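Quick caveat: nothing in here was measured; it's all calculated off a predicted structure. What's counted below: heavy atoms across the whole structure, side chains too, no hydrogens, waters or symmetry copies. For this chain, numbers begin at 1 and follow the sequence in order.
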Amino acid sequence: MKTMEFDELVRARRSVRAFRDDPVPLDLVHRLLDIASRSPSGTNVQPWKVHVVTGAVRARLVCEVLAHRETKPADDSAEFPRTGKRKEPYLSRMRTLGKDMYSRLGIARGDDAASWRQWGRNYAFFDAPVGLIFTIDKELDAMSFLDIGMFMQTLMLAAKDHGLDTCAQGAWNLFWSVTRRVLSVPDDEYVVAGMALGYADPGAPVNGVIAAREPVDAFAVFHGFDPAAG
Ligand SMILES: Cc1cc2nc3c(=O)[nH]c(=O)nc-3n(C[C@H](O)[C@H](O)[C@H](O)COP(=O)(O)O)c2cc1C
């Protein structure tokens with residue numbers, strides 16, 4: 001069911017972190033992936049690979065990753081290099097998001113146990129009935145990670161256009177050894193990210209988060225335009 005203009009659709013997509021348990025039919029997920037496959041990719045390599053989980057397989061994945069996280073919490077680095085430094089202005093943006101999210105969840109600053117539990121909700125796909133795990137051939141380079149991002153965004157917009165909600169989840173590139181084992185991800189692929197897919201719980205306070213954006217003039221530099229031409 002298409003109800004929105006494109007601009008409105010883009011603005012309406014938000015990361016949802018509490019889902020209802022209504023199932024999402026296979027043919028609908030298939031359709032969304034088909035639309036997402038129209039995403040561009042450098043030299044059309046189409047590097048995306050996706051494991052879609054629901055039902056018993058989803059339950060097993062969630063259970064095993066959460067159990068692993070409890071027993072080996074330090075096993076939390078991605079398999080591929082994630083050497084980026086957290087600095088300003090990015091830190092402030094992260095903190096603003098975290099503050100809003102955690103206050104809506106009633107988690108006080110410094111309550112590490114509650115924060116740990118809440119972050120763990122990632123590994124239950126925030127209760128979404130469908131989880132997606134994106135993998136990529138280890139021999140492809142960083143450019144192909146961009147392609148995966150484009151695929152994920154097209155998928156998220158297509159989902160929104162069909163009345164569904166999503167949350168992209170970098171969290172799934174941690175504890176990848178469990179995901180690899182449960183889903184039989186080949187050794188020559190990295191687990192890049194995950195995604196929760198389903199119907200938002202409209203009553204959940206956490207879904208009220210509206211992540212702020214910087215204005216265009218804060219990130220864009222315009223060259224060669226004639227301001228008089230509008
Ligand atoms: C690559 C990527 C990884 C993300 N990983 C997570 C994650 O692991 N857990 C989570 O709750 N949100 C995650 N997010 C959601 C971001 O926090 C969210 O996109 C951002 O705050 C902007 O909010 P919006 O999506 O509601 O517009 C991720 C988003 C992207 C694009």
Tell me, with the steps shown, if Trp119 and Arg69 meet side-chain contact (heavy atoms from CB on, under 4.5 Å). CA-CA 11 Å; Trp119 184 250; Arg69 183 175 182 258; 3.6 Å; yes
Does atom CD (Glu88) have a neighbourhood of more than 12 heavy atoms from anything else shown, all under 6.0 Å?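 Correct, the count exceeds 12.
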Flag if over 12 foreign heavy atoms under 6.0 Å of CZ, Arg11: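 No, not enclosed.
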Contact between [X] and [Y] at the side-chain level, heavy atoms closer than 4.5 Å - yes or no?
X	Y	answer
Leu155	Leu132	yes
Arg13	Ser15	yes
Val206	Met101	yes
Leu146	Met143	yes
Ile35	His162	yes
Thr96	Asp100	no
Val191	Glu79	no
Glu64	Phe175	no

Counting distance only, does the side-chain N/O of [X] pair as donor-acceptor with the main-chain N or O of [Y] below 3.5 Å?
X	Y	result
Arg17	Asn122	no
Thr71	Ala67	yes
Asn207	Asp201	yes
Glu8	Ala12	no
Arg180	Glu189	yes
Trp176	Ser77	yes
Lys138	Asp187	yes
Arg82	Phe80	no
Asn173	Gly170	yes

Answer yes if [X] and [Y] sit in the same cluster of Ile, Leu, Val, Met, Phe, Trp and Tyr residues linked by side chain heavy atoms under 4.5 Å apart, and no otherwise.
X	Y	answer
Leu33	Trp48	yes
Leu32	Val53	no
Val216	Val10	no
Val29	Met195	yes
Leu157	Val16	no

Kindly give the heavy-atom pair with the smallest separation between [X] and [Y], and that separation in Å.
X	Y	result
Ala36	Thr154	CA-CG2, 3.8 Å
Pro129	Asp21	CB-O, 4.3 Å
Leu28	Val24	CD2-CG1, 4.1 Å
Pro47	Leu140	CB-CD1, 3.5 Å
Pro40	Met150	CG-SD, 3.5 Å
Phe219	Glu214	CE2-O, 3.7 Å

For a side-chain contact (heavy atoms from CB on, under 4.5 Å) check, start with the C-alpha distance between Val185 and Tyr190, then their side-chain angles and the critical distance, and finish with the verdict. CA-CA 8 Å; Val185 175; Tyr190 290 128; over 6 Å; no
Before you tell me yes or no, could you show the steps for Ile210 and Arg14 under side-chain contact (heavy atoms from CB on, under 4.5 Å), namely the whole-Å CA-CA distance, both residues' side-chain angles and the distance that decides it to 0.1 Å? CA-CA 7 Å; Ile210 300 179; Arg14 285 196 234 143; 3.6 Å; yes
Would you give the length of the straight line joining atom [atom1] of [X] to atom [atom2] of [Y], rounded to the nearest 0.5 angstrom?
X	Y	atom1	atom2	answer
Ile133	His51	CD1	NE2	8.5 Å
Ser177	Lys72	OG	NZ	7.0 Å
Arg121	Leu66	CZ	CG	9.0 Å
Leu174	Gln169	CG	CD	11.0 Å
Thr54	Leu26	OG1	CG	9.5 Å
Leu164	Phe19	CG	CZ	9.0 Å

Please confirm whether Phe125 and Trp172 have ring centers closer than 6.0 angstrom.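 For Phe125 and Trp172, the ring centres are under 6.0 Å apart.
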Residues Arg31, Asp27: salt bridge by 4.0 Å N-O rule: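 A salt bridge is absent here (no side-chain N lies under 4.0 Å from a carboxylate O).
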Salt-bridge test for Asp137 and Lys49: reply yes if a basic N is under 4.0 Å from a carboxylate O, no otherwise.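 No, Asp137 and Lys49 are not salt-bridged.
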Just jot down the ring-ring contact (aromatic ring centres under 6.0 Å, His included) partners of Tyr199, sequence neighbours excluded, or say none.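 Not a single residue meets the ring-ring contact (aromatic ring centres under 6.0 Å, His included) criterion with Tyr199.
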